[in-house]
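In what follows, a single structure is set out as structure tokens and then discussed.
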Protein chains: 2
Amino acid sequence: MEFQVKFDINEKIFLRNPESSEVGKLMVKKSIDLIYALGFEQFTFKKLALEINSTEATIYRYFENKHRLLLYILNWYWCYMEFLVTFKLENVVDKKERLKIIVHLLTHEFAESTSQFDYNKKLLNQIVIAESSKVYLVKEVTEINKNEVFKPYKDLCGKIAEVISAYNSKYKYPRSLSTTLIETSHHQQFFSVNLPKLTDVSSKNNSEFTNQFIEDFLFKILD
Amino acid sequence: MEFQVKFDINEKIFLRNPESSEVGKLMVKKSIDLIYALGFEQFTFKKLALEINSTEATIYRYFENKHRLLLYILNWYWCYMEFLVTFKLENVVDKKERLKIIVHLLTHEFAESTSQFDYNKKLLNQIVIAESSKVYLVKEVTEINKNEVFKPYKDLCGKIAEVISAYNSKYKYPRSLSTTLIETSHHQQFFSVNLPKLTDVSSKNNSEFTNQFIEDFLFKILD
DNA sequence: TTCTAATGATAGTAATACTATTATAAATAA
DNA sequence: TTATTTATAATAGTATTACTATCATTAGAA
């Protein structure tokens, strides 16, 4: 079974909806490949324009700047992640199992995408790990936040917090623990690959390591 | 009692040691004020040159680029933090107390610096919270890491890991837990101020909130 | 005193992050 | 069907950034 999902991304993020045209869709899709390949700092609209055989001016009609484009991509990812969580939790009643499913989702790579129309989720996941904090770790965060552009992240956080509270209603910090699960899964994955001395990975699979570390700490906190 | 501390920062980080001259010392000191005021993205060598009544060329003789200057500042901070940990732990034998002291250090602001020669530790702390991940979340991380420029961070992490292991020798992930303590204390402080819905802060003091959250989870994990 | 080395002043380049203008092509409405 | 709107490609241009290079001046060391 294979299907595509669509989300309504907050209109404040773009100038023109990239979903409304072919160039628009192509620029988002290719930006994922390019940001992954170059890193966000080296990524430019000029390079993206070249990649999609278009011009900078065209891209600027869709996004104010590359920061907004990254935000768009991340919003899509957070929506997708919330959808995935909801989907995978369907019909699972065991509360511990529900948490384990979430930790697994947060710590494992996605399979390479097969459809050419779909975003490459594997690359997207790597972008989230390495670049996502760059959208909020900026001076203008308060200004940017006013447009509710972080809502999908907050919603994901809220959803996980609910599962945490369902498991242990007495735990006092379900939201902070949610963000800690998300952020920790990112940096432990990043560190275990790039700066392994900051972690306790042994040679083997780093997703598996991160999964074990987080699951271990989550249940020690909640039990 | 008031005293200044000096650290030998890895020579690979700079072209000329800023400690070796007055302009050098001034540029590091003022860069802390400027990065704090503008955020790392808006911070430029041109603006810094203006601030210290010097020229870009002079700054470039000390640091290859602004990324290296940030790395220098963070290295200093990590060394300072390790020193502080060592200092505050002196003569404290109770193992739980030792961990509590560390958590307190990680989650609380420093006092405004009094000495005009000293770096402003309060601003430095804010820079660490908002900008530190930008030095390793880059494509070239492996290349940069080869020069051992992250050693002070790894040492700090190692030191905290030791205290963790001393408290509970059976715990399997002391290093990953160390980095999680450090990173979590940063993003919880950042979130509780800027995106509070991602946390469980109530209106009050956010350092205190972060301290409680982290202390709570640390001892649930280790006990 | 002479030499050396660091600085300041100045200039210049390539790339980035945009904005503006116009001709053309495609989609839509009358 | 034509007229109108709209998006795009092509092009040009600007201010700023991130550097590199040159050279005269100055301060300190030999």
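A, B, ... follow the sequence lines: proteins, then strands. Residue 1 opens every chain.
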Of residues 9-40 of chain A, the positions that come close to DNA chain C - non-hydrogen atoms, cut-off under 4.0 Å: none
If the plane angle is over 60° it's perpendicular, under 30° parallel, otherwise tilted; pick one for Phe217(A) and Phe213(A). perpendicular
Which of residues 52-76 of chain B have a heavy atom under 4.0 Å from DNA chain D? Glu56(B), Ala57(B), Tyr60(B), Glu64(B), Asn65(B), Lys66(B)
Could you tell me whether a side-chain N or O of Thr210(A) sits under 3.5 Å from a main-chain N or O of Thr107(A), the two making a donor and an acceptor? no
Quick one: do Lys12(A) and Glu148(A) make a salt bridge, cutoff under 4.0 Å? no
Given the rule in the salt bridge (charged side-chain N to carboxylate O under 4.0 Å, His left out) test, do Glu162(A) and Lys159(A) qualify, once you have shown the distances and angles that lead to the verdict? CA-CA 5 Å; Glu162(A) 274 173 34; Lys159(A) 176 140 234 150; 5.8 Å; no
When you measure from the centre of the six-membered ring of Tyr36(A), is the NZ or CZ of Lys139(B) closer than 6.0 Å and no more than 45° off the axis? yes
Is the ring pair Tyr136(A)/Tyr153(A) parallel, tilted or perpendicular, if the boundaries are 30 and 60 degrees? parallel
Could you tell me if Arg68(A) sits above the aromatic ring of Phe63(A), with its cationic atom closer than 6.0 Å to the ring centre and no more than 45 degrees from the axis? no
Between P of dA18(D) and NZ of Lys46(B), the distance in whole Å: 11 Å
Give a yes or no answer on whether the side chain of Lys66(A) reaches the backbone of Phe43(A) with a donor-acceptor pair at less than 3.5 Å. yes
5' to 3' on DNA chain C, which nucleotides open and close the contacts with chain A (atom under 4.0 Å from a heavy atom)? dT16(C) to dA20(C)
Short side-chain to backbone donor-acceptor contact, Arg61(B) and Leu15(B), under 3.5 Å: no
Under 6.0 Å between ring centres, would you say that holds for Tyr80(B) and Trp76(B)? yes
